[in-house]
Amino acid sequence: MPEITRDEVARLAGLARIQLGDAELDRLAPELTKILDAVATVSQALEGAGEVQPMSHPTPLRNVFRADELRPTLSPEQALAGAPASEGQRFLVPRILGEE
Amino acid sequence: MTTVEVGLVPFEEALTRYEPVMGLEVHVELSTATKMFCGCPALFGGEPNTHVCPVCLGLPGSLPVVNGAAVESAIRIGLALNCRIAEVCRFARKNYFYPDMPKNYQISQYDEPIAFDGWTEVEVEGPDGPERYRVEIERAHMEEDTGKSLHVGGSTGRIHGAEYSLLDYNRAGIPLIEIVTRPIAVPGDRAPAVARAYVQQLRDLVLALGVSDARMDQGSLRADVNLSLRPVGTAALGTRSETKNVNSFRSVERAVRFEVSRHAGILDAGGRVVQETRHFHEDTGTTSPGREKSDAEDYRYFPDPDLAPVAPSREWVDALRATLPELPAERRRRLQAEWGFSDLEMRDTAGAGAVDLVAATVAAGSSAQTARKWWLSELARRANEQAVELSALKITPEDVARIQALVDAGAINDKLARQVFDGVLAGEGSPDEVVAARGLAVVSDEGALTEAVDRAIEANPDVAAKIRDGKVAAAGALIGAVMKEMRGQADAARVRELILARLT
Amino acid sequence: MPGPELTDHSAAELSQALAAGETTSAEVTRAHLDRIASLDGELHAFLHVDAPGALAAAEDVDRRRAAGEPLGALAGVPVAVKDLLCTVGQPTTCGSRILEGWVPPYDATVVARLRAAGLPILGKTNLDEFAMGSSTEHSAYGPSRNPWDTARTPGGSGGGSAAAVAARLAPVAIGTDTGGSIRQPGALTGTVGVKPTYGGVSRYGIVAMASSLDQAGPVTRTVLDAALLHEVIGGHDPMDSTSIDAPPPPVVEAARRGDVTGLRIGVVKELGGEGFQAGVRARFEEAVGLLTEAGAQVVEVSCPSFAQALATYYLVMPSEVSSNLARFDAMRYGLRAFPDGVELPSAEQVMAATRDAGFGDEVKRRIILGTYALSSGYYDAYYGSAQQVRSLVARDFDRAFEQADVLVSPTAPTTAFRMGEKLDDPLAMYLQDVATIPANLAGVPGLSLPAGLAEDGLPVGFQLLAPLQADDRLYNAAAALERLLLDRWGGPLTPPLVGQVDSLVGPVGTPEVRA
Ligand SMILES: [Mg+2]
Ligand SMILES: [Zn+2]
């Protein structure tokens with residue numbers, strides 16, 4: 001029986017960059033376990049099915065390419081119109097931790 | 001866990017106990033007209049956020065469409081590296097959050113690279129002449145570049161202590177080809193040179209293919225150096241560090257040397273090397289820790305549902321193979337023959353990254369030997385002083401050819417030529433403008449020269465006597481005196497003629 | 001224009017009246033805007049109404065028509081657009097706080113095609129947040145209500161578009177369908193909804209939920225209207241790599257034909273029966289009976305892998321969701337929230353605080369589930385297996401389509417449920433899409449049309465499925481069934497809210513109709 005523990009939810013929320021509160025963690029762990037339990041049956045369909053290719057795309061398209069030709073860009077004003085903050089035609093974001 | 005910095009072990013000493021194993025990951029920005037997945041210009045720089053659209057800004061609802069020219073470039077690079085080309089491959093999403101990545105996933109390739117299983121051969125100088133090493137290529141895959149951030153506040157431009165950051169997405173979505181080697185295990189003392197030669201070779205190769213401008217100083221060719229040590233005589237690989245920000249060929253070499261010294265220091269002290277990314281510092285030639293690669297690093301790759309698989313037909317691949325130009329190694333052999341260079345001369349030229357510069361100088365009218373002389377002595381020295389690549393010097397092959405032409409015409413001599421180089425490099429204009437502005441032309445006023453010759457003979461009667469006695473070789477001393485008086489601005493051959501005419 | 005109110009007419013009728021000069025687009029558009037003004041307070045089908053924009057577009061079409069310009073069939077017919085599609089000049093919120101007030105700098109291809117075809121855009125319709133849900137109750141801006149009974153949901157995620165069309169606030173609307181979000185609301189509101197073949201309608205500019213499943217399509221009151229709208233929005237788009245570069249199926253012609261003589265109709269054994277409301281099954285069986293009488297051959301087909309379709313969907317969809325929704329991070333657009341009590345928070349902390357504040361429960365559930373299904377160590381068991389089962393679902397469809405030209409089933413297992421009824425039980429909510437999901441997994445087209453009212457007096461949906469790119473088969477069979485049902489009822493089903501009819505109290509299966 002698969003289980004998503006509270007710690008696991010916290011780890012996943014970290015990966016997904018969502019700052020979940022304690023109450024949410026408490027609620028989500030059993031909820032997700034229940035959902036996972038219901039969907040974990042998926043591999044039953046594969047029993048006895050032999051070799052089955054995973055289907056990443058519903059239609060058999062291949063080699064969809066664009067010509068290397070310029071298209072209109074947005075103006076900087078359009079690009080920045082929705083920005084929570086900007087400065088000097090750049091998006092202003094809180095300080096970035098991590099790599100230089 | 002914190003990294004304890006222990007002492008460095010001198011490179012040569014480290015090699016007595018450890019064997020380095022390297023892996024090189026090189027990102028090449030393609031010089032297509034447009035980005036990987038949208039029609040924005042794939043140009044370096046520009047006013048911030050002027051080369052952006054809904055796709056490369058990752059706006060909700062936007063969708064990527066593959067630039068066919070980028071796929072062609074990827075296949076041609078793969079073929080030039082003797083790779084196999086995938087019959088079918090897909091793009092994958094590499095999921096992680098970072099503000100310079102508009103979608104918080106990078107479209108890349110994961111388990112199905114477009115090109116794989118290749119090799120290339122590099123040449124380095126050994127004690128007994130040239131040695132060739134085969135570098136195995138694991139894969140070359142397509143991906144998109146990220147935007148650029150500018151950190152404001154705190155110590156300028158540095159991430160630590162910054163109060164906020166500013167983002168420009170002009171670079172976001174520029175096509176990248178990432179070329180990854182298999183572990184390279186060469187004799188330890190050759191490792192730095194092999195690493196450098198490999199990156200240079202890739203640069204030469206993508207330039208020959210015409211798929212990138214491959215400027216390390218502008219980041220259009222970027223090398224990551226992975227390095228681990230293992231005790232001599234053992235087979236298992238040690239823990240590796242991944243050094244980023246290695247922005248010149250010279251730095252590739254230095255990064256390898258430094259990491260060998262650093263790893264050896266840790267291992268000698270009984271420590272454990274931490275798997276982490278490190279940053280190379282050009283100024284000190286050292287590396288410092290970046291992000292530690294933890295278990296939490298989980299990119300959750302999966303095939304990008306927005307993009308159809310790429311399935312290059314054999315016909316297409318064959319057609320692209322037919323477009324491969326003469327590759328650098330072949331070209332080098334041909335040029336060596338044309339230029340009449342010795343093996344050593346050619347190797348030095350290639351080692352200095354000067355093959356193209358010499359070729360262009362020859363094309364501009366210079367002889368191969370004089371072109372080589374200027375680039376490998378005079379200009380190499382200056383590049384070294386400035387710690388830049390030869391090609392980054394602010395002088396063109398045409399300028400060099402012109403300076404040599406001035407020498408050949410007797411308008412200047414070699415000594416004055418060096419001053420012309422100074423002027424051109426200092427941005428004072430073309431060689432002719434520098435000659436005019438600095439008044440560097442040799443004195444061709446016969447009257448002034450004759451007077452100087454007479455004064456020299458008068459001042460050195462014993463030398464003059466020797467010459468009169470037939471010891472023509474003694475003329476050198478008089479020539480020197482005349483040149484000194486003329487402050488170098490005279491044609492030495494003409495001075496010699498005048499002296500001999502007076503005394504014989 | 002003759003007859004009852006302008007808002008009672010189908011798009012095809014309006015189109016004819018406009019072409020004949022019996023009315024103007026401005027008049028039609030104003031009639032719908034007026035009706036929105038009087039009824040949408042109760043229904044909450046719209047998140048944004050753009051009266052000036054719609055009227056300006058209407059007047060422009062009227063001018064062009066007066067000047068004798070050749071115009072498309074639906075020119076001048078107003079349309080409502082699900083608030084998941086990018087629209088220049090109108091906010092696009094996706095029903096989420098995280099995009100509150102965001103106005104895109106570009107139009108979705110579907111929207112651009114609507115504009116180019118001269119359809120005035122009335123406004124943006126309500127939806128479950130980022131189209132995740134089956135009741136429209138997960139909208140951050142409050143639920144939409146079902147015009148058949150305002151204590152009930154109109155289904156979801158496209159409940160806003162369905163409610164708007166059912167209540168005559170718009171003659172036609174655009175929806176999107178990832179697991180049934182056009183068809184299930186269609187069933188619950190007594191409207192026609194079509195999910196075209198994957199790749200038949202451009203996804204460019206439609207905020208992605210699950211990229212390999214999403215497809216936009218028409219929400220209408222008649223099969224012909226759906227075909228007319230399908231023709232406007234469909235066809236190849238070079239901005240969408242998954243768009244099919246081939247001539248679109250002749251859907252309008254098929255909708256006008258409506259002939260099932262000799263057509264092989266496959267009843268899918270796994271979609272129906274247990275778990276389906278009695279009245280839903282009864283209306284479904286009656287409809288199959290009508291088709292048989294009209295000359296169709298009915299066969300039963302089995303698609304065993306469909307038993308795992310729901311499980312497959314709830315692995316594939318959240319996985320793609322977790323990646324698609326990563327871009328909502330407070331850096332470039334949308335909400336920016338700050339963590340409590342942190343001085344000079346980092347970008348990372350602001351992202352996490354914003355995603356907590358900006359996303360609702362269902363969105364968070366799916367993001368976490370998808371993050372889990374893709375994470376190392378679980379990928380093969382969950383996402384990998386699910387993608388393999390998708391192949392089996394597609395194979396089952398292939399085999400079924402060897403035996404039948406179209407497949408049929410009830411669209412949804414129940415009629416419209418009460419608000420709040422399933423809100424605390426995600427799995428019960430997910431079951432609403434059990435019959436619609438297989439089409440999304442395999443990419444095949446599906447259509448839902450009203451099949452009558454169940455024992456509770458609420459509409460029942462009848463679903464048709466066809467092979468990839470055979471969307472025209474759906475329209476042909478649906479048009480035939482629609483005609484048979486209308487003959488039987490003597491006119492279209494009309495929700496009580498529409499006005500003339502106070503309540504619908506007829507015997508089961510023979511609803512009272514508005515003549
Ligand atoms: Mg990479
Ligand atoms: Zn762009």
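Atom set for the values below is all heavy atoms of this structure, side chains included, hydrogens, waters and symmetry mates excluded. The chains referred to below are lettered A, B, ... by the order of the sequence lines, with proteins before strands, and numbering in each begins at 1.
Using a 4.5 Å cut-off on side-chain heavy atoms (C-beta onward), B/Val71 and A/Phe65 make contact. Within the 4.5 Å cutoff, the side chain of A/Ile96 has heavy atoms near those of the B/Tyr98 side chain. Counting only heavy atoms from C-beta outward, the side chains of A/Phe91 and B/Asn49 approach each other to under 4.5 Å. Contact of the A/Leu74 side chain with the B/Leu57 side chain is registered, since non-hydrogen atoms from C-beta on lie closer than 4.5 Å. Taking the side chain as every heavy atom from C-beta outward, A/Val64 and B/Leu307 never approach each other to under 4.5 Å. A 4.5 Å side-chain heavy-atom check between B/Glu47 and A/Pro76 finds every atom pair outside the cut-off. Side-chain contact between A/Leu15 and B/Asp298: present, with at least one pair of heavy atoms (C-beta onward) separated by less than 4.5 Å.
In this structure, A/Arg62 contributes its side chain and B/Ala311 its backbone to no donor-acceptor pair below 3.5 Å.
Applying the 6.0 Å contact sphere to CD of A/Gln44 captures more than 12 heavy atoms from other residues, nucleotides or ligands.
Taking CZ of A/Arg17 as the start and OH of B/Tyr96 as the end, the distance is 11.5 Å to the nearest 0.5 Å. A/Leu70 CG to B/Lys35 NZ: the interatomic distance, rounded to the nearest 0.5 Å, is 11.0 Å.
With a 4.5 angstrom heavy-atom cutoff, B/Thr32 touches chain A via backbone and side-chain atoms both. Only the backbone of B/Asp304 comes within contact range of chain A, with at least one heavy atom under 4.5 Å from a heavy atom of that chain. For B/Leu166, the parts sitting under 4.5 Å from any heavy atom of chain A are the backbone and the side chain alike. For B/Pro99, the part sitting under 4.5 Å from any heavy atom of chain A is the side chain, from C-beta outward, and nothing else. For B/Pro41, the parts sitting under 4.5 Å from any heavy atom of chain A are the backbone and the side chain alike.
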**Request:** For side chain to side chain contact (heavy atoms under 4.5 Å, CB included), just list the numbers for A/Arg90 and B/Leu150, CA-CA rounded to whole Å, side-chain angles, deciding distance to a tenth of an Å, and then say yes or no.
**Result:** CA-CA 9 Å; A/Arg90 292 179 170 90; B/Leu150 191 72; 4.1 Å; yes
**Worked verdict on A/Thr73 versus B/Thr50 for side chain to side chain contact (heavy atoms under 4.5 Å, CB included)** = CA-CA 7 Å; A/Thr73 58; B/Thr50 51; over 6 Å; no
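When each of A/Glu69, A/His57, A/Arg71, A/Gln78 is scored by its heavy-atom pairs under 4.5 Å with chain B, the top score falls to A/His57. Taking chain A as the reference chain and counting heavy-atom pairs below 4.5 Å, the highest number among B/Ser149, B/Ala70, B/Pro309, B/Ala308 is found for B/Pro309. With chain A as the partner, the residue from B/Pro312, B/Gly147, B/Cys38, B/Ala69 showing the most heavy-atom pairs under 4.5 Å is B/Cys38. Interface check for chain B: of the options A/Pro72, A/Ala16, A/Gly82, A/Pro58, the most heavy-atom pairs under 4.5 Å are formed by A/Ala16.
Within residues 167-176 of chain B, the residues having any heavy atom closer than 4.5 Å to a heavy atom of chain A are B/Leu167, B/Asp168, B/Tyr169, listed by residue number.
Judged purely by distance below 3.5 Å, without hydrogens or angles, the side chains of A/Asp68 and B/Thr34 pair a donor atom with an acceptor atom.
Considering every non-hydrogen atom in both B/Tyr164 and A/Val93, the closest pair reads CB-O, 3.3 Å.
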